[in-house]
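Convention: sequence-line order gives letters A, B, ...; per-chain numbering from 1. Computed over heavy atoms, backbone and side chain alike; hydrogens, waters and symmetry mates excluded.
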Amino acid sequence: MSVWFNPAREIDALLRKAATSVPGFEADFDPELKSSDPRHADFQANGVLAAAKKAKANPRALASALLESLRTEGGVDEKLIQVEIAGPGFINFKLTPVALGSWLREYRDESKWRAGAARLMGGRKVVIDYPSPNTAKQMHVGHLRPIVIGEAVARLVEFCGADLVRDNHIGDWGTNFGILILAIRRAGFQLDAKSPHALEDLERLYKEGSAATKADPALMDAARAELAKLQAGDAANTALWKEIVEVSNAACQRIYDQFDLKSDVILGESFYRDKVDQVYAELQQYGLAEESEGALVAWHDEEPRFSRHAETKMPFIIRKRDGSSNYASTDLATLLYRLEHFKADEIIYVTDGRQQDHFHQLFVTGAKWFKASKRRLPRLRHVWFGTILGEDGKAIKTKSGDPVRLQALIDEATERAYQEVKKKNPDLPEAEHRSIAKAIGVAALRYADLSSSRTMDYTFSWEKLLAFEGNTAPYLMYAVVRVRSIFRKSGLAVGQGEEGATDPETPTEIALARKLLGFTAALDSALEDLRPHHLCTYLHELAAAYGAFYAADSVIVDEPAVKARRLMLCSRTTAILEVGLRLLGIEPVERM
RNA sequence: GAGGGGGUAGCUCAGUUGGAUUAGAGCAGCAGCCUUCUAAGCUGCGGGUCGCGGGUUCGAUUCCCGCCCUCCUCACCA
């Protein structure tokens with residue numbers, strides 16, 4: 001018989017079918033099949049308990065009637081799956097070593113898993129918006145998250161079959177430019193885009209401008225006026241703006257390169273400067289926007305918070321009092337562009353959680369607008385993340401204080417990794433020490449950020465971000481290195497030497513094999529809410545299972561069948577670890 | 001006030017639609033394991049009334065209600 005790629009799904013279907021001929025089960029019976037504590041079983045069906053309650057029947061009796069029906073219908077092959085009733089009426093399904101072995105022989109490489117995953121998002125056109133920084137600031141540790149989370153989500157979605165456009169929607173058309181231009185003028189500063197200190201100078205000026213406009217409302221108005229001039233096409237401000245953007249983008253690119261981040265398009269807010277008038281016109285035409293205190297705003301009375309009757313007014317401001325555009329204007333224009341130009345089925349925005357209200361209003365406004373104009377509305381998702389906090393427990397900001405720069409963090413991670421690899425593996429050539437250190441350092445940062453739930457805030461700490469032991473990227477990469485070393489020493493390529501492999505036998509072989517089968521479930525749960533930490537958790541468990549196997553069972557042994565099956569386990573382990581690490585944006589290394 | 005995040009082991013955090021005698025992991029602590037495939041590793045031990053109080057249920061860290069603590073957002077910043 002053929003081997004099921006996803007046994008849980010097949011068992012679920014069989015139980016539903018079996019239930020149709022058993023009195024006591026309704027037509028919409030859900031077996032509630034889920035993965036189980038491995039001490040009991042691989043999967044357990046809990047649904048009989050709920051059904052028994054409805055039918056006022058004895059759950060265990062109902063469960064055995066269901067199993068009887070399953071058997072008469074052909075049931076499951078008991079050589080592959082053991083079934084038993086347990087506890088108050090759970091049905092346990094345990095995969096036998098025969099089933100595990102068959103699966104491992106059948107589903108052997110990335111192309112098989114990719115094909116399996118493609119059913120999740122295959123054929124969908126998806127635009128993902130990240131890391132979308134504001135311009136004219138140096139990147140600090142707070143900018144780690146949009147880069148790392150955005151990249152992981154993008155790769156995950158792409159792996160699952162989406163036709164993906166990565167759009168870096170940089171913030172290059174907002175009031176921060178008004179502040180910066182004002183500060184430059186006030187300081188009499190001459191910007192030299194070629195100066196190596198250009199960005200530092202801009203950042204210093206921005207900080208000065210930010211403090212000054214905060215202290216003096218008249219200066220804030222002056223800053224807004226500079227922005228209005230820029231948006232109106234003023235030649236001097238436009239020239240200055242161009243230089244600032246150029247300096248800023250070059251600096252960002254140096255960071256992106258180190259994170260292996262590539263955008264398909266960079267369509268910043270300024271790209272939409274000539275597209276906002278249509279937004280104003282249409283929203284007014286459909287009665288979705290109106291004047292309020294001189295600004296053009298959208299209210300959403302059906303939501304108390306965004307209602308015009310709310311105690312604290314919170315309108316969606318789509319055009320400012322002075323006529324200039326803002327975040328909302330350009331985001332609405334961007335929404336339309338992504339529908340018309342990219343034919344997006346889905347748009348994913350990766351930003352800080354403090355923008356939740358903005359996106360809520362954007363999505364509601366967009367939905368009403370597209371409905372009124374008879375346009376198709378893409379699925380809109382805000383993939384938000386928590387804030388990285390400074391030692392003081394407050395969000396890290398450029399405006400105040402002096403946050404750790406992202407480049408400094410990368411450099412420190414690389415240096416620590418370099419010292420470590422030189423100590424652990426002194427015989428490697430210097431160049432390899434350097435390249436391994438770079439890979440491990442950045443990987444450690446990424447994984448540290450990705451491994452906790454993205455909606456959690458966390459406090460910045462060198463110790464946390466640069467850990468190399470335990471549940472860290474180096475631990476996972478190390479598991480890959482140990483597998484590859486075995487193949488290298490045996491003169492085999494990964495994937496070779498497994499002819500005649502028997503089914504897993506020892507407890508550690510069986511535990512590893514079961515963990516390997518869990519890959520697809522891990523993908524599902526990571527994709528569900530676009531939460532990469534589910535993948536991290538899985539990969540750590542897989543690496544741990546490999547660690548136990550590695551310590552308990554020698555691979556290079558004399559008995560050919562044992563050796564073959566252990567090589568097979570090694571090969572599958574490294575293949576899944578490598579695919580999983582790459583989904584997180586981490587490139588494995590051969591040695592470390 | 002409204003909306004959102006969080007409150008689980010000394011610390012940092014998992015816990016998928018409520019589920020099974022011991023609620024998991026990493027770090028930190030303690031005790032072991034390198035002449036054989038890389039010890040960035042492996043094995044074991046100790047450590048938790050899952051914020052508090054009710055409710056629903058055969059069963060609640062998970063669902064409902066109330067309360068407490070904490071962080072974030074709330075008119076022209078993005």
Heavy-atom protein contacts under 4.0 Å, nucleotides 8-16 of chain B, coded B base, S sugar-phosphate only, - none: ----SSSSB
Base-contact (B) and sugar-phosphate-only (S) positions in nucleotides 57-62 of chain B, heavy-atom cut-off under 4.0 Å, - elsewhere: S-----
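At a threshold of 4.0 Å, the pair Lys515(A)-Glu541(A) counts as salt-bridged, since one of the basic side-chain nitrogens sits closer than that to a carboxylate oxygen. Remark: Asp221(A) engages Arg224(A) in a salt bridge, criterion side-chain N to carboxylate O under 4.0 Å. A salt bridge links Arg319(A) with Glu291(A): the distance from a Lys NZ or Arg NE/NH1/NH2 to an Asp or Glu carboxylate oxygen falls below 4.0 Å. A salt bridge links Arg565(A) to Glu509(A): one of the charged nitrogens lies within less than 4.0 Å of a carboxylate oxygen.
Among the heavy atoms of the strands, none lies under 4.0 Å from Gly386(A). Residue contacts shown for Pro315(A) include a base, since a base heavy atom lies under 4.0 Å away. Within the 4.0 angstrom heavy-atom criterion, base atoms lie near Leu33(A). Across all strands, Gln356(A) comes closer than 4.0 Å only to sugar-phosphate atoms, never to a base (heavy-atom distances). Looking at heavy-atom distances under 4.0 Å, Asp172(A) makes no contact with the nucleic acid at all. In this structure, Ile179(A) reaches neither bases nor backbone, as no heavy-atom distance under 4.0 Å exists between it and the strands shown. Val421(A) comes within 4.0 angstrom of a base, heavy atoms only. In this structure, Lys489(A) reaches the sugar-phosphate backbone alone: every heavy-atom distance under 4.0 Å involves primed, P, OP1 or OP2 atoms, never a base. Nucleic acid contact for Ala86(A): base, since at least one base atom lies under 4.0 Å from a heavy atom of the residue. Contacts of Asn46(A) with the nucleic acid, taken as non-hydrogen atoms under 4.0 Å apart, include base atoms. No engagement by Asp37(A) is indicated, since no non-hydrogen atom pair under 4.0 Å with the nucleic acid exists. Counting non-hydrogen atoms under 4.0 angstrom, Gln355(A) reaches a base of the nucleic acid. Heavy atoms of Tyr475(A) sit under 4.0 angstrom from primed sugar atoms or phosphate atoms, though from no base atom. Backbone-only contact: Arg482(A) has heavy atoms under 4.0 Å from sugar-phosphate atoms and none from a base.
Under the rule for a ring-ring contact (aromatic ring centres under 6.0 Å, His included), His533(A) has no partner lying at least two apart in sequence or in another chain. By the salt bridge (charged side-chain N to carboxylate O under 4.0 Å, His left out) test, Asp28(A) is found to be paired with no residue, residues two or more places apart in sequence or in another chain being considered. Scored by the side-chain contact (heavy atoms from CB on, under 4.5 Å) test, Lys53(A) finds no partners at all (sequence neighbours excluded). Residues passing the side-chain contact (heavy atoms from CB on, under 4.5 Å) test with Asn326(A) are Ile317(A), Lys320(A), Ala328(A), Ser329(A), sequence neighbours excluded. Under the rule for a ring-ring contact (aromatic ring centres under 6.0 Å, His included), Phe93(A) has no partner lying at least two apart in sequence or in another chain. With sequence neighbours left out, the ring-ring contact (aromatic ring centres under 6.0 Å, His included) criterion links His534(A) to no other residue.
Stacking of Lys34(A) on the aromatic ring of Phe43(A) is not recorded, the 6.0 Å distance cut-off and the 45° axial limit not both being met.
Per the stacking criterion (ring centres < 5.5 Å, plane angle < 30°), His40(A) stacks onto the base of A20(B).
Comparing the same atom, P, in C34(B) and in A25(B) gives a spacing of 25 Å after rounding to whole Å. U17(B) and C33(B): their P atoms are spaced 44 Å apart (whole Å). Remark: the separation of the C1' atoms in G48(B) and C11(B) is 14 Å, to the nearest Å. When the C1' atom is compared between C52(B) and C30(B), the two are found 35 Å apart, to the nearest whole Å. Separation of the C1' atoms belonging to A9(B) and A20(B) is 23 Å when rounded to the nearest angstrom. The separation of G18(B) from G59(B), taken at their P atoms, amounts to 15 Å, rounded to a whole angstrom. Only the C1' atoms considered, G10(B) is 12 Å distant from G46(B), to the nearest whole Å. When the P atom is compared between A39(B) and U49(B), the two are found 38 Å apart, to the nearest whole Å.
Not one side-chain nitrogen or oxygen of Tyr447(A) sits closer than 4.0 Å to the OP1 or OP2 atom of G26(B). For the OP1/OP2 pair of A78(B) and a distance below 4.0 Å, the side-chain nitrogens and oxygens of Thr175(A) include at least one atom meeting the criterion. Taking only side-chain nitrogens and oxygens, Lys394(A) comes nearer than 4.0 Å to OP1 or OP2 of C72(B).
In secondary-structure terms, RNA chain B builds stems of at least 3 consecutive Watson-Crick or G-U pairs, each pair having both distances under 3.5 Å, at B:1-7 with B:68-74, B:10-13 with B:24-27, B:29-33 with B:41-45, B:51-55 with B:63-67.
Scanning atom types as modelled, one donor and one acceptor separated by under 3.5 angstrom connect the side chain of Glu293(A) and the base of A75(B).
The nucleotide whose nearest atom lies closest to any side-chain atom of Met314(A) is, among C37(B), C74(B), C77(B), C74(B). The side chain of Phe90(A) has G19(B) as its nearest neighbour among G1(B), A40(B), G19(B). Closest to the Glu420(A) side chain, of the nucleotides A40(B), A20(B), A75(B), is A40(B).
Within the structure, the side-chain hydrogen bond (donor to acceptor under 3.5 Å, both in side chains) test picks out the following pairs touching residues 465-474 of chain A (sequence neighbours left out): Tyr447(A)-Asn471(A).
In textbook terms, a nucleotide whose glycosidic angle is within 90° of 0 is syn, while C67(B), being further out, is anti.
Between His540(A) and Tyr475(A), the angle of the ring planes lies from 30° to 60°, which puts this pair in the tilted group. Classified by interplanar angle (parallel below 30°, tilted 30° to 60°, perpendicular above 60°), the ring pair Phe316(A)/His358(A) is tilted. Relative orientation of the Tyr418(A) and His433(A) rings is perpendicular, given thresholds of 30° and 60° on the angle between their planes.
Within residues 540-556 of chain A, the residues having any heavy atom under 4.0 Å from RNA chain B are, by residue number, His540(A), Gly547(A), Ala548(A), Tyr550(A), Ala551(A), Asp553(A), Ser554(A), Val555(A), Ile556(A).
The environment of Glu302(A) atom CD is dense: over 12 non-hydrogen atoms of other residues, nucleotides or ligands sit within 6.0 angstrom.
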I'd like a table of donor-acceptor pairs (distance under 3.5 Å, sequence neighbours excluded) in which one partner is a side-chain atom from residues 381-390 of chain A, with atom names and distances.
from      : atom 1 : to        : atom 2 : distance (Å)
Arg381(A) : NH1    : Glu346(A) : OE2    : 3.0
Arg381(A) : NH2    : Glu528(A) : O      : 3.2
His382(A) : NE2    : Thr351(A) : OG1    : 2.7
Trp384(A) : NE1    : Gln356(A) : OE1    : 3.3

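Heavy-atom nearest nucleotides on RNA chain B were determined for Asn92(A) and for Met592(A), and the one closer to the 5' end corresponds to Asn92(A).
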